[in-house]
Q: 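Mind having a look at this structure? Questions to follow.
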Amino acid sequence: MTDSEAKSRAAELRALIEKANHDYYDLHRPTVGDRDYDMWERELLQLEDAFPFLKSEDSPVRRVAGGLQDGFKKVRHDPPMQSLDKTHAKGELVEFDSFIGKSVSSFSYVIEPKVDGVSLSLKYSDRVLVTAATRGNGTVGDDITANVLTIATIPRRLPPSAPSELEVRGEAYMTREGFLALNARQAAEGLEEFANPRNACAGSLKQLDPNVTSSRPLDVVIYNAGGVGCDGFSNHTEMIKGFAEWGLPTTPWIKKADNINEVLSAIDELENLRHTFAFEIDGAVVKINERGLYDILGSTAHGPRWARAYKYAPERAETVVEDITVQVGRTGILTPVAELKSVFLAGSTISRSTLHNEDQILRQDIRIGDHVWIVKAGDVIPAVDSVIVEKRTGAERVFKMPSKCPVCGGDVRREEGEVALRCVNPGCSAQLCRRLEH
Ligand code: IVH
């Protein structure tokens with residue numbers, strides 16, 4: 001590859017990543033699957049390594065994505081909240097292990113679930129929760145204290161055994177069950193449904209009105225030390241135990257490993273358990289247990305050298321959108337549904353999947369005849385993850401929502417502030433049937 005080819009490919013990748021970040025973090029509407037996103041990130045990192053002239057401070061792979069939002073006070077993170085280097089390949093964990101082995105002499109590992117949520121910092125002063133903040137851009141985050149105070153499992157006050165000044169970090173999440181219930185509520189009210197529990201969690205924490213947050217089923221796992229109060233722990237497992245003793249919510253699963261083979265089998269063990277947790281996990285985090293080694297190992301621009309994330313392949317299946325039909329619900333809402341060529345995924349056969357509304361179809365550019373990847377949102381609801389654009393033949397058809405109700409032929413309207421179209425005929429037989437069923 002020539003310099004100029006590398007430069008134009010890097011620009012292309014940056015634009016793709018920036019747009020995906022904006023859709024995800026600012027609009028809370030993901031438009032690409034995790035797999036594509038990770039691939040772009042990886043390709044850009046490799047390009048920047050191979051062509052160092054491409055490196056720049058503002059490259060989306062050099063800074064922490066996460067966006068800041070108007071309407072919130074800002075909180076400075078000291079030290080900055082970093083990300084983690086990710087891998088999908090066990091071979092890279094073996095390389096990670098030999099790198100650590102060359103840098104330090106005696107060490108062991110811990111393996112934890114990688115909670116798929118929103119990272120968070122909690123600060124206690126005089127053992128009282130004073131500040132909760134998002135990661136934001138890593139250095140500065142949004143102050144979401146009022147919202148976090150609505151999460152029941154986060155202690156407002158710590159016991160006397162805790163240090164008086166403490167900062168801890170972790171991940172807020174929405175339970176799968178809570179996510180399904182919330183989406184059912186959103187749909188019944190004609191509001192936009194969330195793509196997955198992580199997005200629902202992010203959207204819930206960024207509410208300007210804490211009353212809205214309090215109606216959302218959120219919880220937290222605390223897994224990391226912040227800037228103060230954690231120096232007394234010489235290893236990670238003891239620290240997590242300490243957090244739990246102070247009443248902080250911690251991980252339901254953690255495993256020690258003495259060598260890389262034990263790490264690899266713990267990762268497999270965790271993968272088999274991934275659907276048993278109340279929250280979604282998208283991988284395992286492998287950490288050095290001895291905290292005294294963290295300063296020696298240091299960090300890169302992307303994350304600490306003492307930890308790695310291993311991402312599990314999302315369970316997904318390829319199929320074809322044979323048709324898009326329109327369902328009329330109890331309240332008259334018209335919902336487009338993808339009629340799929342039947343395919344088996346994670347325990348069940350899938351032949352239909354809601355496409356939510358016309359905006360969503362346009363955003364994902366789903367056409368009749370498209371080959372698509374199907375995933376299960378919240379591990380339960382089948383959803384179209386992305387279109388396999390390379391498989392288009394040109395015979396695919398763009399779908400348009402009908403201008404009349406497909407059941408009664410009545411007028412349809414889009415109310416202000418809603419994403420859905422509604423059939424406005426109160427005598428519509430589809431609505432009457434659904435109401436009767438209800
Ligand atoms: S430790 C310096 N442990 O994954 C960051 N992170 O993709 C140390 N995450 O930014 C983080 N589960 O938001 C750690 N058990 C876990 C985690 C975890 C989820 C998140 C975290 C991090 C992101 C990286």
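Order of listing sets the numbers, starting from 1, for every ligand and every atom in it. Note: hydrogens, waters and symmetry copies are ignored here, and every other heavy atom, side chains too, is used. The first residue in the sequence is number 1, and the count goes up from there.
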Q: Can you find a heavy atom in the side chain of Ser353 that is under 4.5 Å from one in the side chain of Val337?
A: no
Q: Just jot down the side-chain contact (heavy atoms from CB on, under 4.5 Å) partners of Leu273, sequence neighbours excluded, or say none.
A: Trp253, Thr276, Phe277
Q: Any salt bridge between Glu165 and Arg127, counting N to O under 4.0 Å?
A: no
Q: Once salt bridge (Lys or Arg N to Asp or Glu O under 4.0 Å) is applied, what residue pairs with a partner in residues 260-270 remain, sequence neighbours excluded?
A: Lys90-Asp268, Lys255-Glu269
Q: Who are the residue neighbours of ligand 1 when the rule is a heavy atom under 4.0 Å from any of its atoms?
A: Gln82, Ser83, Leu84, Lys86, Glu112, Pro113, Lys114, Val115, Ser119, Arg135, Glu171, Tyr223, Asn224, Val285, Lys287, Pro304
Q: Which residue pairs pass the side chain to side chain donor-acceptor pair (under 3.5 Å) test with at least one member in residues 227-237, sequence neighbours excluded?
A: Glu112-His236, Asn235-Thr237, Asn235-Glu238, Thr237-Asn289
Q: Take a 6.0 Å sphere around CG of Asp295 and say whether it holds more than 12 heavy atoms from other residues, nucleotides or ligands.
A: no
